[in-house]
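Some notes on the structure that comes next.
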Amino acid sequence: MTVQLEAKPARGSVPIHLTSLEQWSGHARALPAEARRWLAATGFAGKPDSHALVPGADGALREVWAGIRDVTDPWLLAALPKALPAGRYHLGSGGLMADTAVAAMSWELGAYTFDLYKPRQREAAQLSLPLDEHSRRGLVLAAATAATRDLVNTPAEHMGPAELAEAVRMVGRQHKAKVREIVGDKLLAQGFPAVHAVGRAAARAPRIVELTWGKARDPLVTLVGKGVCFDSGGLDLKPADGMRLMKKDMGGAANALGLAQMIMALALPVRLQLLIPAVENAVAGNAFRPGDIFKTRAGLHIEIGNTDAEGRVILCDALAYGAEGQPDLMIDLATLTGAARTALGPQLPALFCRDLAMAREIVDLGLELRDPLWHMPLWRDYHGLIESDIADIVNTGKGAMAGAITAALFLEDFVPGKLPWLHIDLFAWSDSARPGRPVGGEAQTLRTLLAWLERRYPRS
Ligand code: BES
Ligand code: ZN
Ligand code: ZN
């Protein structure tokens, strides 16, 4: 941890004062003349993500001034831990005052580096924060975010279906949750034929992982995450460019696990079920083929139009199983379509939901929390695009249009009409670096979903 929660900062800790472009002249006026001259000479103006080191008369570092957008920015301090000299810091009171939850999360993620295979270039600076509920919450959000990123960043070689299941078990152990797995051919006997069909060609056995947690009297929330540990496309092999990042095709699972971790660490008054169908979409003699038809858990026959549209195939069994528990709410997260990226780009996951008011509330909350997602329609008239002549439905749309919508409509066929359901088609990857968000695996919409769940299930 680069954030320390303690009653008071250690001796020698350096204060960081916060300011902004708008507030800087006011804050500067209150400073002693020599500090004001130093800051003017170094060109500091309070610009977001900039900072200035201010020496004392003895030449030692006396204080830091840091520019921020505004105090509610979730990435408030993210530029600092890797930029400041290693050492101990605390928040000073010379400028704007920040919420400790935001301070804790942004600092911790500002120090985030995926360092499993390459050592960090330098140690991050450390921040001392008061031991309170807010700071703790910030650290919970940061830890779940970092864990999500680590899972996505880990190459498929070291993050197969078994390793993904082990990651679920590890989180489960921390929170005394139950975790069970159905592996390999047992998927057939236990009613997950679609998961088996997609995963059967891989050298590493497909599986479904189920985590359950919480008290029997609380409402059941079911989370489902697409866990394709590598998506080669199967027999409909992806071209090299399209395959390059496909270690991240378990990003839905990683995000669902990250959200589960937040829910359990903050003890939301819900009962949780997390379902991860984990497979590798590989090529071999026993691979599922274009034109194959499988009877799914729900009884619907699906025709395979393209083996690269594998996510919806594994999810349909998981959603059907989830619905059998009659949850109060079901949320699935999946790196489901390239079409969602074409429509909204990497920063905006697509939200599909039958209830328009619910969707709008979530979109608004995402904007407010700067953890955005955007609403797209479950446009019923397009269902014709996934209808098959010889099966109930087919896993590819006729033609290339509305690919994110037809994928969502496919999933919708497996979710009973009355069950409140959110489908989130996300990228799970930052493709350009921003403070606190290096290029690589990314947690998306988790803070928004957490806040919305806290609103929907208030503590009594
Ligand atoms: N995992 C991909 C979707 C994807 C691609 C997400 C790139 C993020 C970035 C998915 O399994 C897939 O390949 N979908 C196909 C579906 C098509 C064959 C109908 C797609 O989107 O091209
Ligand atoms: Zn695919
Ligand atoms: Zn995929």
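In each ligand, atom 1 is the first atom listed, and ligand 1 is the first ligand listed. Numbers here simply count residues along the sequence, with the first being 1. What's counted below: heavy atoms across the whole structure, side chains too, no hydrogens, waters or symmetry copies.
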Checklist entry - Among side-chain atoms of Asp115 and Thr113, is any donor-acceptor pair under 3.5 angstrom? => result no

Checklist entry - OD2 (Asp231) to the Zn ion (ligand 3) to OD2 (Asp249): angle, nearest 10 degrees? => result 90°

Checklist entry - Which of the atoms of ligand 1 are close to Asn306, meaning less than 4.0 Å from one of its heavy atoms? => result 18 (C)

Checklist entry - Any side-chain donor paired with an acceptor under 3.5 Å for Trp421 and Asp332? => result yes

Checklist entry - Looking only at side chains, do Asp218 and Tyr457 share a donor and an acceptor under 3.5 Å apart? => result no

Checklist entry - Considering only protein heavy atoms, which is closest to atom 17 (C) of ligand 1, and at what distance to one decimal place? => result Ala309 CB, 4.3 Å

Next on the checklist: Check the orientation of Tyr117 and His158. Use parallel for under 30°, tilted for 30 to 60°, and perpendicular for over 60°.
Outcome noted: parallel

Next on the checklist: For a quick check under 3.5 Å, do Thr335 and Asp249 share a side-chain donor-acceptor pair by atom type?
Outcome noted: yes

Checklist outcome for this item: Of all protein heavy atoms, the one nearest atom 19 (C) of ligand 1 is Thr396 CG2, 3.6 Å

Next on the checklist: Show the atoms of ligand 1 that are less than 4.0 angstrom away from any heavy atom in Glu310.
Outcome noted: 11 (O)

Checklist entry - Taking N or O atoms only and a 3.5 Å limit, does Asp231 qualify as a polar contact for ligand 1? => result yes

Item to check | Any N/O pair Thr337/ligand 1 closer than 3.5 Å | outcome: no

Next on the checklist: Less than 6.0 angstrom from the centroid, inside 45 degrees of the normal: does Arg149 satisfy that with respect to the ring of Tyr112?
Outcome noted: yes

Checklist entry - Which one holds for Leu336 and ligand 1: side chain close, backbone close, both close, or neither close, with close meaning a heavy atom under 4.0 Å? => result backbone

Item to check | Proximity to ligand 1 by part of Asp308, non-hydrogen separation under 4.0 Å | outcome: both

Checklist entry - Are side-chain N/O atoms of Thr148 and Asn255 paired as donor and acceptor at under 3.5 Å? => result no

Next on the checklist: Please tell me whether Asp317 and His196 have a donor and an acceptor in their side chains that are separated by less than 3.5 angstrom.
Outcome noted: no

Item to check | Thr212 side chain to Arg180 side chain, donor-acceptor N/O pair below 3.5 angstrom | outcome: no

Checklist entry - Backbone or side chain, does any N or O of Arg312 fall under 3.5 Å from an N or O of ligand 1? => result no

Checklist outcome for this item: Residue, atom and distance of the protein heavy atom nearest atom 5 (C) of ligand 1 read Met246 CE, 3.6 Å

Checklist entry - Is Glu310 close enough that one of its N/O/S atoms sits under 2.8 Å from the Zn ion (ligand 3)? => result yes

Item to check | ligand 1 N/O within reach of Lys226 N/O, cut-off under 3.5 Å | outcome: yes

Next on the checklist: If you measure every N or O of Gly338 against every N or O of ligand 1, does any of those distances drop under 3.5 Å?
Outcome noted: yes

Checklist entry - Is any N, O or S atom of Ala309 under 2.8 Å away from the Zn ion (ligand 3)? => result no

Next on the checklist: Among all protein heavy atoms in this structure, tell me which lies nearest to atom 8 (C) of ligand 1, with the distance rounded to 0.1 Å.
Outcome noted: Lys248 NZ, 3.4 Å

Checklist entry - Numbering the atoms of ligand 1 from 1, which are under 4.0 Å from a heavy atom of Thr335? => result 1 (N), 2 (C), 3 (C), 6 (C)

Checklist entry - Considering distance alone, does some N or O of Asn395 sit under 3.5 Å from an N or O of ligand 1? => result no

Next on the checklist: Is there a polar contact between ligand 1 and Lys238, counting only N or O atoms under 3.5 Å apart?
Outcome noted: yes

Item to check | Presence of salt bridge, Arg204 and Glu157, under 4.0 angstrom | outcome: no

Checklist entry - Hey, does the Lys NZ or Arg CZ of Lys248 hover above the aromatic six-ring of Phe427, less than 6.0 Å from the centre and inside 45° of the axis? => result yes

Checklist entry - Among protein heavy atoms, which sits nearest to atom 1 (N) of ligand 1, and what does the distance come to when rounded to 0.1 Å? => result Asp249 OD1, 2.8 Å

Next on the checklist: Over 60° means perpendicular and under 30° means parallel, so tell me whether Phe288 and Phe294 are parallel, tilted or perpendicular.
Outcome noted: tilted

